[in-house]
Amino acid sequence: MDINLEQTLFCGQSFAWTKTGSLYEAVLFGRCIRLDQQSFASVVADDPELAAYFDMDWEYEKAQSYLSSLDPYLASCITRYEGLHLLNQDPWEVLISFLLSQNNNIKRIRSMYQTLCRTFGSEVGAQKFAFPSPQQLEMATEVELRALGMGFRAPYLLDAIRCHALLDEIPNLSTEKAATRLMTIKGVGPKVAACILVFAFHRMDAFPLDTWMLKVMKSRYPGKDASFFAPYAALAQQYLFHAERLGGGVV
DNA sequence: GGCCAGGCCCCAG
DNA sequence: CTGGGGCATGGC
């Protein structure tokens, strides 16, 4: 069962990717990445950095098979969007991305993400900009960030810049302690913390609950919570979220 | 032209 | 601790 780039890159976990024709593009690891589904397997085989990013060694078959056995609706979502992987993204980039995400729509999050890249990031190719490092973003002031359209999130970004070193502590903490630690950053609440833990630290017991997920949980899993999907709650969440945004599963 | 968006802060009870 | 208003902005 292979990875599906379309589902993986456009399920709302990363805002770095664009698609032109059948080509997926992003700037990662300081280089321009260009991929298509056809040649992906051979490309990733020779690129350990990409293999890690795309989480190629994890037990997706086992997880999908187990989750599918839990209930028919989730099984239908997995069938429909099969091959969705949870990426191993840069924690700093995920922190900033999901600070931008609050009370916002995915289209505009993408646009704001690109604004930060163009304004503060390094140009690694013609009009191709990397996501800015903490050091590069330290140049920013609240006035400037607001002028760039970051709105009320500007002070959150500044606090994240100030606190970025605490990301180094996260691997050594339990998921619950890690969430608590992340929430010491202004603008990081339970949902954003969970997103960071899933999309950057591969914590399968983290379970982001946004407006879409709350709707699914209420209608399809009343009285249940993340533990129902253990030990693969994060993957279940991403399938359910993605399916909900794209119009639901089949059942 | 309103409504709403992968929430969270802050302040009342 | 729980509930609800306010928040910047642009896509639709």
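Every chain is numbered from 1 and lettered A, B, ... according to where its sequence line falls, protein lines coming before strand lines.
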Can you tell me which stems involve DNA chain B, if a stem is defined as three or more consecutive Watson-Crick or G-U wobble pairs, both distances under 3.5 Å? B:2-5 with C:9-12, B:7-13 with C:1-7
Could you state the CG-P distance from A:Asp210 to B:dC8, rounded to the nearest angstrom? 10 Å
Are OP1 or OP2 of B:dG7 and a side-chain N or O of A:Thr211 less than 4.0 angstrom apart? yes
Any base atoms under 4.0 Å from A:Lys107, or only sugar-phosphate, or nothing? Heavy atoms, all strands. sugar-phosphate
Within the structure shown, what part of the strands sits under 4.0 Å from A:Gly12 by heavy-atom distance: base, sugar-phosphate, or nothing? base
Under 5.5 Å and under 30°: A:Phe241 stacked on B:dG6: yes
Ignoring hydrogens and angles, does a donor from either the side chain of A:Glu244 or the base of B:dG6 sit under 3.5 Å from an acceptor on the other? no
Once you apply a heavy-atom cut-off of 4.0 Å, does A:Arg146 come out as touching a base, just sugar-phosphate, or nothing? sugar-phosphate
Treating A:His242 as the side-chain partner and A:Tyr239 as the backbone partner, does any N or O pair qualify as donor plus acceptor under 3.5 Å? no
Candidates B:dA5, B:dC9, C:dG10 - which lies nearest the side chain of A:Tyr156: B:dC9
Salt-bridge criterion met for A:Asp47 and A:Arg31 (N-O under 4.0 Å): yes
Among B:dC10, B:dG7, C:dA8, which is the nearest nucleotide to the side chain of A:Lys186? B:dC10
Hey, does A:Phe199 reach any base, or is it just sugar-phosphate, or nothing, if we go heavy atoms under 4.0 Å? base
